[in-house]
Amino acid sequence: MDTRTALLAAAAAVLVVSAVGVVAAPDALDDPREEPERPGRVDVAGMVVSPGEVRGETAELRLGLDLRHRGSAVENVTVRHRAIGADSGLLVDETTVDVGTVDGGGERTIDGAVDVERSGGYRIETVVFVDGERRESRTTRVGGVAALTPDYADSRVGFTDGNVWPTVAVSVSEADNRTATLSVSVSVTNRGDTASEPLDLRLLMRQAESNVIADEARETVGSVRPGRTDTVTTTVEVPAEYNYYVDAALWSDDVLIDETQGVANLNPRETISADESVEEVEFSVEDFAGGDGAGGSGDDAADGERPPGDGSTADGTPGFGPVVALAALLAAALYARRRP
């Protein structure tokens, strides 16, 4: 074999060995100019607080933490939320969310929640830990928790709030010298997006000057379509010649949903408006007692008789009485004896 042939054979052998090396270790020929992958990192991109379950004394605050990831995978990530009273500075609630491994780049939302009392304001402190070490933090302030409506009282159905059309309309169906039968119509509006469940309408006829309940009524408010207004009508019977507040309330499973007030002016001499009494007038309890003789008929007073010892004359006119008259005569006699 001559020299030329030997050189060609050696070159071929080198090419074969190189090809095998590339297949066995492809990273051996990577571009040396390519930068190595950066170490993993997590940052807080944003924080959203929204109301969750609202109870009578406490409320749940739902926390959505936007976590941004860069570089290689980050393991053992945890997020801690603390609710601290804005005025007291005391820890109210604390929760920890185990996120685990974060990779793939981009952003992801980590959900959490804390429970707070429905009063005052709070400072929500959120901290991101990696392997137990603090990496990122975010503080969010929350106020007006007391304005949140409890879930049991949250309803889009309520009394109609109109400028002209009355929410509570009262008319007289029957009347005599003692009683009046009133027809009361109440308007209810569904402000929600779905048909409402049946509700309970309760009415109280409250005498204006005494707050005595003269009569009450209950009616069922059927399902009201979204954006619609229905009118519910019932009747009550009350003593005539008095003025009344018409207290109306909507109830759902014994939970007060909404309330409103109207008036019924049956006294031609005095009138009242909602939440206001123009003038106090005399009130007789017996008119509301029901039944005969429940408090006296008042005939003795009509006859002009007065109980003994009240200083009145027999005809019912105010007077001094015989004892006072005798005392006056004695005083006059003593005065006359002292005169020269």
Side-chain angles (χ1 to χ4, degrees), residues 149 153-192 196-225 227-291 294-296 298:
T149 303
D154 188 14
S155 176
R156 300 303 298 166
V157 181
F159 291 113
T160 305
D161 186 14
N163 296 325
V164 178
W165 190 264
T167 305
V168 179
V170 182
S171 61
V172 179
S173 297
E174 297 179 5
D176 54 30
N177 293 332
R178 295 184 58 85
T179 62
T181 301
L182 306 179
S183 176
V184 182
S185 298
V186 182
S187 297
V188 178
T189 299
N190 183 359
R191 302 176 182 88
S196 65
E197 298 292 332
L199 298 175
D200 185 21
L201 172 65
R202 304 179 189 179
L203 293 178
L204 296 178
M205 301 299 297
R206 181 164 52 92
Q207 204 273 337
E209 288 73 30
S210 67
N211 284 328
V212 171
I213 304 301
D215 198 7
E216 58 183 291
R218 286 192 178 189
E219 292 290 340
T220 298
V221 180
S223 179
V224 182
R225 293 181 297 164
R228 299 299 194 273
T229 297
D230 283 356
T231 300
V232 182
T233 302
T234 187
T235 58
V236 291
E237 185 176 290
V238 296
E241 301 297 327
Y242 292 95
N243 297 328
Y244 301 90
Y245 291 114
V246 186
D247 299 327
L250 286 176
W251 298 77
S252 175
D253 192 20
D254 290 334
V255 175
L256 180 62
I257 300 300
D258 196 10
E259 54 187 357
T260 189
Q261 187 180 79
V263 296
N265 288 309
L266 304 184
N267 186 344
R269 297 181 299 275
E270 310 292 343
T271 61
I272 61 172
S273 59
D275 299 323
E276 180 183 358
S277 178
V278 176
E279 183 178 350
E280 294 184 0
V281 295
E282 186 179 358
F283 169 69
S284 299
V285 177
E286 60 268 22
D287 286 349
F288 295 87

[X] to [Y] - nearest heavy-atom pair and separation:
X    : Y    : answer
T179 : D176 : N-OD1, 2.7 Å
A153 : L256 : CB-O, 4.3 Å
S223 : S196 : OG-O, 2.8 Å
I257 : V157 : CG2-O, 3.6 Å
V263 : Y245 : CG1-CD2, 3.8 Å

N/O donor-acceptor pair under 3.5 Å between [X] side chain and [Y] backbone:
X    : Y    : value
S210 : V212 : yes
T220 : G222 : no
T181 : E237 : no

Please enumerate all residues that pass side chain to side chain contact (heavy atoms under 4.5 Å, CB included) together with T260, with sequence neighbours excluded.
F159, T167, V168, A248
According to side chain to side chain contact (heavy atoms under 4.5 Å, CB included), who are the partners of N243, at least two apart in sequence or on a separate chain?
A208, N265, N267, E270, I272
Modelled atom types, side-chain donor and acceptor of [X] and [Y], under 3.5 Å:
X    : Y    : result
T160 : W165 : no
R206 : N211 : yes
E259 : Q261 : no

Walk me through whether L203 and D247 qualify under side-chain contact (heavy atoms from CB on, under 4.5 Å).
CA-CA 6 Å; L203 293 178; D247 299 327; over 6 Å; no
Is the shortest side-chain heavy-atom distance between [X] and [Y] below 4.5 Å?
X    : Y    : answer
T229 : V188 : no
T235 : L182 : no
L266 : V238 : yes
D215 : L204 : no

Under the side chain to side chain donor-acceptor pair (under 3.5 Å) test against S185, which residue among T231, T233, T234 passes?
T233
Is there a side-chain contact (heavy atoms from CB on, under 4.5 Å) between V246 and V170 once you walk through the steps?
CA-CA 9 Å; V246 186; V170 182; 4.0 Å; yes
Drop me the distance from D258's CG to S155's OG, to the nearest 0.5 angstrom.
8.5 Å
Check the pair M205, V236 against side-chain contact (heavy atoms from CB on, under 4.5 Å), reporting the backbone distance first and the verdict last.
CA-CA 8 Å; M205 301 299 297; V236 291; 3.7 Å; yes
Around N177, counting heavy atoms of other residues, nucleotides and ligands shown, do more than 12 lie under 6.0 Å from its CG?
no
Salt bridge (Lys or Arg N to Asp or Glu O under 4.0 Å) with R202: which residues, sequence neighbours excluded?
D200, D254
